[in-house]
There are 2 protein chains.
Amino acid sequence: MIETRLLRQFIVVAEELHFHRAAARLHMAQPALSQAIAKLEARLGFAALTRSRRSVALTPAGRAFLETAYATLDTLDAGIGRARRVADGVAGRLTIATLSLAGYTPVLETLRAFRRALPEVELDLREMPSARQLEALVAGEVDVALMRELALPAVIETRQVLTEAILLALPTDHPGAKSAASNEPVALGDFAESDFVFTPRALGPGYHHQLMALCQAAGFTPNIQQEAAQLTTLLGLVASGLGVALVPASIARSLRLDGVVFCALAPLPGRPDASLALNVNWHRENTSPLIEDFITRLKSQTRNETLPL
Amino acid sequence: MIETRLLRQFIVVAEELHFHRAAARLHMAQPALSQAIAKLEARLGFAALTRSRRSVALTPAGRAFLETAYATLDTLDAGIGRARRVADGVAGRLTIATLSLAGYTPVLETLRAFRRALPEVELDLREMPSARQLEALVAGEVDVALMRELALPAVIETRQVLTEAILLALPTDHPGAKSAASNEPVALGDFAESDFVFTPRALGPGYHHQLMALCQAAGFTPNIQQEAAQLTTLLGLVASGLGVALVPASIARSLRLDGVVFCALAPLPGRPDASLALNVNWHRENTSPLIEDFITRLKSQTRNETLPL
DNA sequence: GGCCGGTAATACGTGTTGCCTATCATAGTC
DNA sequence: GACTATGATAGGCAACACGTATTACCGGCC
């Protein structure tokens, strides 16, 4: 096996074509260098240098191997530098599972700032529902996940990023839509008899449960007429008059849809305002230094605020 | 400094993610491997592996460095293979100084066969006059030289490749041209009073001297009307009627020029036929294994024959 | 809950090897 | 012909890579 020590020694000898000077540059004695080069040539199986008593010259194979020696050490040095930058958290890749980020201005701003601050870091964004995010996190497929509250295994850490109000989405021609026009909160209990459209429970059990609980607190169990995985699809169903929907405020910020109006919900007596959290989660044993950096930036950007409308 | 031993050890540990199995694959004991990896990490300056008592995993920087380790060893292995092929004379580069090869069919055939037999060898052909070839050979700029006979320093080896007749090139309307038409040799002495065109002495002193000596033997000193470096130019001058010229037979084989006819020379009494040699020369201390190969092929192709007309 | 199997780290001894100093051999130089 | 420059060889030493023995610790299992 050819050690890099031998490569370094060979390079200097090839550059100097003089064992004494080369040995001096290597801070070693000439005999040791002669031995090292002899060992190198024995391992290579061919003569890399021709030595007369007066001069040293490279053979053609030696010239070819010199290129290899340079290339090998360059590859190694560059790779060490790169790996050090990865270890220092200024290079590498951060894979992020997210919900649709359309309405989350502070998160988008964080991503932009992160990319600007760490141009050597590749950001890999993958949009998926909360339940799938958790699977990906546990499986190590992603480094961080931006998702709804969910029951988490102990290895998953979580921090709240922001909260946002829950709004009621109504078809424009719905009787309750006049409240929306006047920007007045509506009482959820007034919609006990309405048809509802919901996202499937399996995609985000926590989210689903929270919306259901909200209805229970308002005194009814929603009559679910139809489910749709995507919020945009859900609002399309609302627009078509199939029912009303409870949605996070972020979707109202990013999507103005003809035929749909959004109403704030009047607070229920004895209960705080209905709001949804967006959390950032990560695997406790994931050693990427980028995770902490990303979360720190995210928190300083959002300061756990409620997303404004 | 990171030795390749450490790279190999790290690669196996990263592949196995298990110190015992990795040590077995490396034919060593586990503690030594633990120490080796610890030393690697100390030199790298970052942790490449996270070890719990139960499991081993790569850090992101470790993953990055693993790529580097593979790339480094690949570069080295490929380079060693390449250099070995260079040493074995099946790869590399052979730089050849030549006269114009147009008429030298056996040499061209050798080049073709060489290229076919050794596709990994780059042939670098450089056309230049004999005197310049010798300089290039001594300076190490070329590996072999195909040139006229010349006084050579002791470090230059030489072998004859082939010989070719010296012909007299005449303008078609020259009184002597009728001999050419009947394919009869002409006596050089008959042209004692003719004007001659010659190549400059400096480009090929041996060649020049040989032609002059031929005229002397025929009893005259040629009246040199004009010089031209290129044989094609020289023959152009002949065609225009400026004079006659002594040229190697190869040029007659490769160049048919309106207004010029070539005549064989009648042997002079007591002298062998007038002929020129094409020699292959190389530097005695040039260690390229391709030189011997090339010369062997050249000789087996030509067998020192006289170039046929 | 204590025991056992599995795993990596630590302690310490040893053989290899990379390097040192001293010397030799040889070729070119004054 | 002695001298100088240069690389190779010889012999010794110390660093280090590796081995054996042991420890430390975690999980699963009876």
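Bear in mind the structure is a predicted one, so any value in this text is a computation, not a measurement.
- Screening B:Val144, B:Asp124, B:Leu290 against B:Thr95 for a side chain to side chain contact (heavy atoms under 4.5 Å, CB included) leaves a single residue, B:Asp124.
- The shortest distance between the side-chain N/O atoms of B:Ser34 and the OP1/OP2 oxygens of C:dA8 is not below 4.0 Å.
- With no hydrogens or angles considered, no side-chain donor-acceptor pair links B:Arg63 and B:Thr59 at under 3.5 Å.
- We find that CD of A:Glu285 is positioned 13 Å from P of D:dC26, with the value rounded to whole Å.
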| said: Base contacts versus sugar-phosphate-only contacts with protein, heavy atoms under 4.0 Å: please encode nucleotides 15-23 of chain C as B, S and - from 5' to 3'. | reply: --SSBBBB-

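- The CG atom of A:Leu26 sits 13 Å away from the P atom of D:dG7 (whole-angstrom rounding).
- Under the 3.5 Å distance criterion, with hydrogens and angles disregarded, no donor-acceptor pair is assigned to the side chains of A:Glu292 and A:Thr296.
- Whole-Å rounding puts the B:Ile37 CD1 to D:dC18 P distance at 11 Å.
- To the nearest angstrom, P of D:dA17 lies 12 Å from CG of B:Leu40.
- Counting to the nearest Å, the C1' atom of C:dA8 and the CD atom of B:Glu16 are 16 Å from each other.
- As rounded to whole Å, 16 Å separates atom C1' of C:dA25 from atom CZ of A:Arg51.
- Without hydrogens or angle criteria, B:Thr4 side chain to A:Ile2 main chain gives a donor-acceptor distance under 3.5 Å.
- For the residue pair A:Asn281 / A:Thr158, a side-chain donor-acceptor distance below 3.5 Å is found, with atom types taken as modelled.
- Rounded to a whole Å, the CD atom of B:Glu3 is 11 Å from the P atom of D:dC18.
- Protein atom NE2 of B:His20 is 7 Å distant from nucleotide atom C1' of C:dT7, rounded to whole Å.
- The NE2 atom of B:His283 sits 10.0 Å away from atom CD1 of B:Ile291, with the distance rounded to the nearest 0.5 Å.
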